[in-house]
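Residue indices begin at 1 and follow the sequence shown.
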Amino acid sequence: MSEEGLFAGRDSEFSQLRSCTSDVREGRPWTVLIAGEPGVGKTELVRRWLASPSIVGFSVLRAKCSESEQDIAYGVIQQLISPVQKELLEDFPLLKAPISSAAPPFEVGRQLLALIDVMQSEMPVVVVIDDLHWVDAASLHAWGFVLRRLEADSVLTLLTLRTVGRPVTPDVDEMFQRLMMGGANTLRLNLRGLDTNTVGKLISKAGGISDQIEFAEHLRQHTAGNPLYVRTVLAELSNEDLNGDPVTATLPVPSSLATAIRSQLLNLPLSAQALVEAAAVLGTPTALNVVSELAGADDPVPALEVAVLSGLLHWSPNDPLRHVEVAHALQQKAILEGIPHLRLRELHTQAARLVSERESWIHRVAAAEAGDEQLVSDLITAADAEFNNGEAERSATLLLWAADLSTERAERERHLLTAAARLSAINQRYARIVSLLPRVRSSMPCAKRSLVLGAHAMLRGTLPTAESYFAAALTEGQQEEDHWSGFMARVWLSSIRNFMGRYEDGIDAARQALAMVPNSSWAIAGLSQGLALAKGPEEALSHLTPVTSSLRQSTGSGIPVDAFLLTVQGWVKAGGGDLHGCVEDCRRALALSRSRGATAFPDYAYVGIATAQYLLGEWEDARISIGHAQDISSHGDGQAAAYPLECSVASWIAAGQGDWHRAEEKIRMAENAADSLGSDLATVWTAISRAILAQARGDYTTVLQNLTPLARAEAGWQRHGWVYWLPLESEALIRLGQLKPAAAAVARLTSTSQQIPCLRAAAAWLSGQLAEASREREVARARYEEGLVDLPGADVVPLHRAMLEISYAKLLRSLGLATEAGKWFDLARDRLQALQAIPFLQRNIQDSPASGDGLQAPADKRWLGLTRREKDIALLIGRGLTNREIAGELFVSSKTVEYHLGHVYGKCSFASRRELRNYIQKKGFLAESSI
């Protein structure tokens with residue numbers, strides 16, 4: 001009886017899958033995890049489900065993970081998209097060619113989401129990932145990105161996962177949990193062994209008498225109801241065995257599944273045995289002509305038919321290359337264990353000559369004995385070449401094989417640590433590093449060991465610990481003459497010490513790194529960051545601009561390795577008040593990441609964009625940007641050091657709009673992260689966040705409490721943050737009547753505004769406020785009027801401008817110029833309403849100027865009744881974007897946009913898109929620079 005026919009039971013699971021499929025057809029996505037022990041029927045359940053009528057009319061994307069291919073970054077994603085027409089992939093630059101291992105997972109996921117969005121516009125989509133426990137980390141991150149964004153989509157995801165017999169990797173297991181918790185609807189189907197009745201049905205399907213309950217129970221007890229084990233035993237029983245009168249419970253049953261599989265193999269004709277063994281040795285789906293050549297079969301078709309009928313081999317008749325593979329991993333393992341050692345080595349030796357060079361390495365290693373120095377040397381040479389081509393994952397695999405073949409401890413550890421160090425240095429494949437940590441920690445102290453442990457500490461966000469390891473790596477690298485480790489240690493130390501506020505040490509480490517590797521992008525980043533903190537933006541930009549100028553116009557092919565320097569440059573520009581320049585550079589870095597797979601530090605890029613948008617008055621855009629950054633970091637694709645910064649910026653927007661609970665929550669999250677991080681940058685930003693919240697509440701004592709420590713420093717992150725906190729300090733001192741220190745603070749603000757023009761309005765406003773507090777009304781008026789003159793080319797901070805206009809209007813009204821005052825009150829009101837800056841509107845409500853309704857908070861219940869997602873979509877509609885463009889901005893599908901847009905129309909009683917757009921623009925919710 002063929003494997004095709006031996007299936008029974010799972011009625012409950014099929015019923016649940018049918019229910020999920022019905023929901024998916026209606027635009028309600030589901031993720032189903034099918035879990036169980038090996039051989040329990042996970043893959044078979046999925047295969048039969050895909051062949052059922054319920055899936056008719058679905059597009060199917062399928063991938064099978066393999067232990068031997070875990071080092072192929074995005075290998076699973078490549079399998080998923082392989083059947084997609086090339087024309088459909090043209091709009092997705094990272095997907096239309098082999099996906100670079102350097103490509104950021106969130107960008108690959110973003111484009112994959114957009115591709116599925118296009119596909120589901122034609123028909124629902126089923127995505128199957130089989131043997132998820134062997135998935136490569138990059139694919140897991142990328143698909144996790146997609147799942148977290150499926151809200152109103154016709155997408156069914158089926159995942160199969162072993163519950164036993166798989167490696168336990170904490171970081172990967174954490175990603176599994178995120179994968180299941182990220183989507184809207186998730187279901188876990190735990191497959192267990194078959195019951196006696198179902199085993200009886202299998203006996204009947206195999207040709208036995210249907211009422212042999214005693215034998216069915218005996219077989220169930222012996223096999224624990226494991227379907228693969230049951231089918232393997234039944235395949236070995238003759239019709240006479242199955243139909244004796246009666247069948248007894250004393251029939252011989254193999255003592256283990258492996259024994260049963262080997263027995264099943266030995267009962268096949270020799271030609272079929274050879275074909276099955278060849279397929280087991282090759283290990284992956286392989287063209288029939290290659291399998292037959294390894295098996296020594298001139299005419300493999302008859303042997304293939306027998307092997308497929310036995311259930312040991314699987315092949316697809318629709319596959320033009322007729323790829324063949326062993327049907328189940330447990331079968332493959334049992335078959336390989338049954339092949340004599342010398343013959344197995346010979347088969348691997350022959351296989352190495354039949355497959356590609358990349359595939360040949362695993363066979364050469366399997367055929368080798370420990371101590372094969374020539375093979376170790378070849379592996380190291382190949383590993384170096386892969387690393388130089390940017391393939392750190394593959395390089396690490398080759399080095400780990402070299403370690404396994406080495407007989408000397410020192411050599412084993414050297415290859416192991418080189419592999420781990422390369423994984424930490426390129427693309428930061430931390431999930432795989434974590435799996436190597438026990439072996440790394442047990443190795444003898446050396447530069448690469450310290451380098452790896454430092455990188456892991458950096459991942460965990462413990463900067464002091466990371467610094468100590470990198471400092472040790474620096475010393476050890478000098479002693480061992482390990483120049484690469486010494487260089488990497490200096491690069492890491494430069495970054496860490498800059499974050500910790502020890503920028504002089506950071507600059508020194510970067511200069512040493514540049515002396516070792518001139519023009520290193522990583523060292524330039526550390527040097528520029530340190531110079532920005534020590535001397536200001538201009539000095540930093542002098543080192544960055546020569547490198548980044550070509551990137552800003554880059555249209556070529558290949559991956560621009562320096563792209564992340566645009567993110568660094570954006571941050572430097574933000575500190576110098578060039579807000580639009582910051583946005584432009586960070587967006588350019590993200591664009592290079594999106595189109596060419598470049599490393600852009602996307603979480604930092606989005607934080608940089610959000611800070612600039614906050615000052616530019618694009619608060620809703622800033623909220624979207626910071627949401628992207630938080631999503632990248634919180635799901636394992638970003639840097640731990642960025643998280644407190646993301647929470648801080650989120651709190652600024654919430655505070656400005658009077659959402660005290662959310663502001664407090666985000667600040668506490670930032671403070672908790674900053675406490676464990678040891679980053680001076682995070683500490684400064686959390687202090688600024690507390691001050692911004694206190695300013696919004698009118699609590700100027702708390703403003704000063706948080707800013708006084710910052711005011712003592714003339715450099716570092718405190719100086720970098722001047723653009724955010726200098727106006728807060730001056731305002732608080734004036735409001736508290738501390739006029740002498742206020743005069744000094746305003747003087748510093750005014751002086752700084754000459755180098756940071758976006759602070760000009762704040763300087764004029766607070767200079768005027770100080771003059772009024774000193775009873776110098778004419779001086780105040782002059783200061784206000786100077787500030788109200790637009791400065792060509794300078795960025796404007798709408799909140800500062802509004803407060804300047806309010807102060808000027810109040811002064812004019814006190815001088816009896818009510819009409820003139822009303823004009824300025826109206827301008828200020830429009831700015832604050834566009835920001836939804838409710839606390840600032842409410843604080844001025846008592847002024848009730850003559851021209852109009854005064855500075856009152858917006859009370860449109862329609863707008864207040866929308867969710868955050870609905871507001872985001874409505875705002876982007878107001879900007880004139882299409883649904884697909886909105887989907888791209890928000891990292892969702894166009895179906896999700898349609899779903900939420902329907903809610904907006906219903907809640908606000910809009911009849912058309914034009915009516916909604918007119919409403920958004922009339923209400924002034926869009927910052928002028930965004931329209």
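Ionic pairing of Lys96 and Asp91 is not present here: no N-O contact between side-chain nitrogen and carboxylate oxygen is shorter than 4.0 angstrom. Between Arg48 and Glu44 a salt bridge is recorded (basic side-chain N to carboxylate O distance below 4.0 Å).
Within the structure, salt bridge (Lys or Arg N to Asp or Glu O under 4.0 Å) pairs that include any residue of residues 11-27 comprise Asp23-Arg28 (at least two apart or interchain). Here salt bridge (Lys or Arg N to Asp or Glu O under 4.0 Å) pairs that include residues 49-69, with residues two or more places apart or in two chains, are Lys64-Asp130, Lys64-Asp131. For residues 903-913, every residue pair satisfying the salt bridge (Lys or Arg N to Asp or Glu O under 4.0 Å) rule, not counting sequence neighbours, is listed here: Glu870-Lys907.
Considering all non-hydrogen atoms of both residues, Gln630 and Ala650 come closest at OE1-CB, 4.3 Å. Among all heavy-atom pairs drawn from Ile632 and Pro602, the shortest one is CD1-CB, 3.9 Å.
A distance below 6.0 Å separates the ring centres of His628 and Phe891. For His141 and Phe145, the ring centers are positioned 6.0 Å apart or more.
Summarising the geometry, atom CD belonging to Gln16 is positioned 12.0 Å from atom CZ belonging to Arg10; distances are rounded to the nearest 0.5 Å. Put simply, OG1 on Thr286 and CD on Glu325 are 8.5 Å apart, with the number rounded to the nearest 0.5 Å. To the nearest 0.5 Å, the span separating NE2 on His323 from CG on Leu288 amounts to 10.5 Å.
Checked by atom type, the side-chain pair Gln613/Ser625 shows a donor-acceptor distance below 3.5 Å. With 3.5 Å as the limit, one finds a donor-acceptor pair spanning the side chains of Ser893 and Thr896. Of the N and O atoms on the side chains of Arg192 and Asn190, not one donor lies less than 3.5 Å from an acceptor on the other residue. Counting only N and O atoms by type, the side chains of Ser101 and Glu393 include no donor and acceptor under 3.5 Å apart. Side chains of Ser139 and Asp136: a donor-acceptor N/O pair is present below 3.5 angstrom, by distance only.
The main-chain N or O of Leu17 is found under 3.5 Å from a side-chain atom of Thr21 such that the two form a donor-acceptor pair. At least one donor-acceptor pair closer than 3.5 Å links the side chain of Arg110 to the backbone N or O of Gly888.
The shortest side-chain heavy-atom distance between Ile129 and Trp143 falls under the 4.5 Å cut-off. Taking 4.5 Å as the limit, some side-chain heavy atom of Leu187 sits within range of a side-chain heavy atom of Cys20. Looking at Cys908 and Leu866, their side chains come closer than 4.5 Å, going by heavy atoms from C-beta outward. Side-chain contact between Leu312 and Ile261: present, with at least one pair of heavy atoms (C-beta onward) separated by less than 4.5 Å. Contact of the Glu122 side chain with the Ser59 side chain is not registered, since no non-hydrogen atoms from C-beta on lie closer than 4.5 Å. With contacts defined as side-chain heavy-atom distances shorter than 4.5 Å, the pair Leu876/Leu890 qualifies. For the pair Ile920/Leu875, a side-chain contact is recorded, criterion being any heavy-atom separation below 4.5 Å from C-beta on. Glu37 has its side chain within reach of Val40: a pair of non-hydrogen atoms, C-beta onward, lies under 4.5 Å apart.
Applying the 6.0 Å contact sphere to OH of Tyr899 captures no more than 12 heavy atoms from other residues, nucleotides or ligands.
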Run Leu901 and Asn883 through side-chain contact (heavy atoms from CB on, under 4.5 Å) and show every step you take.
CA-CA 9 Å; Leu901 188 54; Asn883 284 3; 4.0 Å; yes
Report the C-alpha distance between Glu898 and Lys895 in whole Å, list the side-chain angles of each, state the deciding distance to 0.1 Å, and finish with yes or no for salt bridge (Lys or Arg N to Asp or Glu O under 4.0 Å).
CA-CA 5 Å; Glu898 292 170 8; Lys895 277 191 173 283; 5.1 Å; no
Can you check side-chain contact (heavy atoms from CB on, under 4.5 Å) on Ile99 and Ile77, steps first, answer last?
CA-CA 9 Å; Ile99 304 172; Ile77 301 299; 3.8 Å; yes
